[in-house]
*Asks:* 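I have a structure here, written as structure tokens, and I will follow up with some questions on it.
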Amino acid sequence: MSSSRKHHLKSLMLSIAKGLLETEAKDKEEERKRYMEETCPPLSLPGGVQALQELCKELHHKIDVIDEERYDLESKVSKSTKEIEDLKIKVQDLKGKFKKPALRKVRLSADQMLQALLGSKHKVSLDLRANLKQVKKEVKEEAADVGDWRKNIEDKAGMDGRKKMFEGEA
């Protein structure tokens, strides 16, 4: 095809698309007007103060009802998204390709960790401090035993010296 022919076809397609977009926009506007007429009747403001207060009460009641519906829908959506995420994880597990989720830092005590792992049926108390050994510090008196260092080395040489060393400490 020649370039002028391509340009002509392109301009025809653009003009047709423009016309379709305009008709679509008009249809949307008419649909919007029709919906607004059905759901929202025209506002008629009464002349008296009492009537205005009654109208305000009625509007507040409608707002409360709509807010309750919105809250219910939001809770349903959040519940469904959580369920969808759980199902996605199950599907990944079944496929064998497990994508690690982003981990969050959680502070759990040892008791809470065991309860989470074993379930609420098992009552296991894990007191880690009770299992620790009590260590008493002994002060070594090396200052009093300062003497000839060669003598100490000769005494501790060989197996007899090792035996004496352990017996001397005990």
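Bear in mind that the values here come from a model prediction, so they are computed numbers and not experimental data.
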*Asks:* Measuring from atom NZ of Lys26 to atom CD of Glu30, what distance do you get when rounded to the nearest 0.5 angstrom?
*Replies:* 8.5 Å
*Asks:* Under the side chain to side chain contact (heavy atoms under 4.5 Å, CB included) test, which residues partner Glu29, sequence neighbours left out?
*Replies:* Arg32, Lys33
*Asks:* Calculate, to the nearest 0.5 Å, the distance between atoms NZ and OG belonging to Lys82 and Ser80 respectively.
*Replies:* 12.0 Å
*Asks:* Heavy atoms only: give me the nearest Ser75-Asp72 pair and the separation to one decimal.
*Replies:* OG-O, 2.7 Å
*Asks:* Quick one: pull up NE2 in His7 and CG in Leu12 and give me the separation to the nearest 0.5 Å.
*Replies:* 10.0 Å
*Asks:* Got a second to check how far Thr81's OG1 is from Asp86's CG, nearest 0.5 Å?
*Replies:* 9.5 Å
*Asks:* Going from CG on Leu87 to CD1 on Ile89, what distance comes out if it is rounded to the nearest 0.5 angstrom?
*Replies:* 9.5 Å
*Asks:* Whether Glu38 and Arg34 form a salt bridge (side-chain N of Lys/Arg under 4.0 Å from carboxylate O of Asp/Glu) is what I want to check.
*Replies:* yes
*Asks:* Would you mind listing the cluster partners of Leu20? Hydrophobic ones only (ILVMFWY), side-chain contacts under 4.5 Å, chaining allowed.
*Replies:* Ile16
*Asks:* Carefully, step by step, assess Glu58 and Lys62 under the rule salt bridge (charged side-chain N to carboxylate O under 4.0 Å, His left out).
*Replies:* CA-CA 6 Å; Glu58 183 181 323; Lys62 286 182 181 180; 3.6 Å; yes
*Asks:* Applying side-chain contact (heavy atoms from CB on, under 4.5 Å) between His61 and each of Leu59, Val65, Ile63, report the one that passes.
*Replies:* Val65
*Asks:* Just how far is it from atom NE2 of His60 to atom CG of Leu55, taken to the nearest 0.5 Å?
*Replies:* 9.5 Å
*Asks:* Do Glu74 and Arg70 sit within salt-bridge range, that is, some charged N less than 4.0 Å from a carboxylate O?
*Replies:* yes
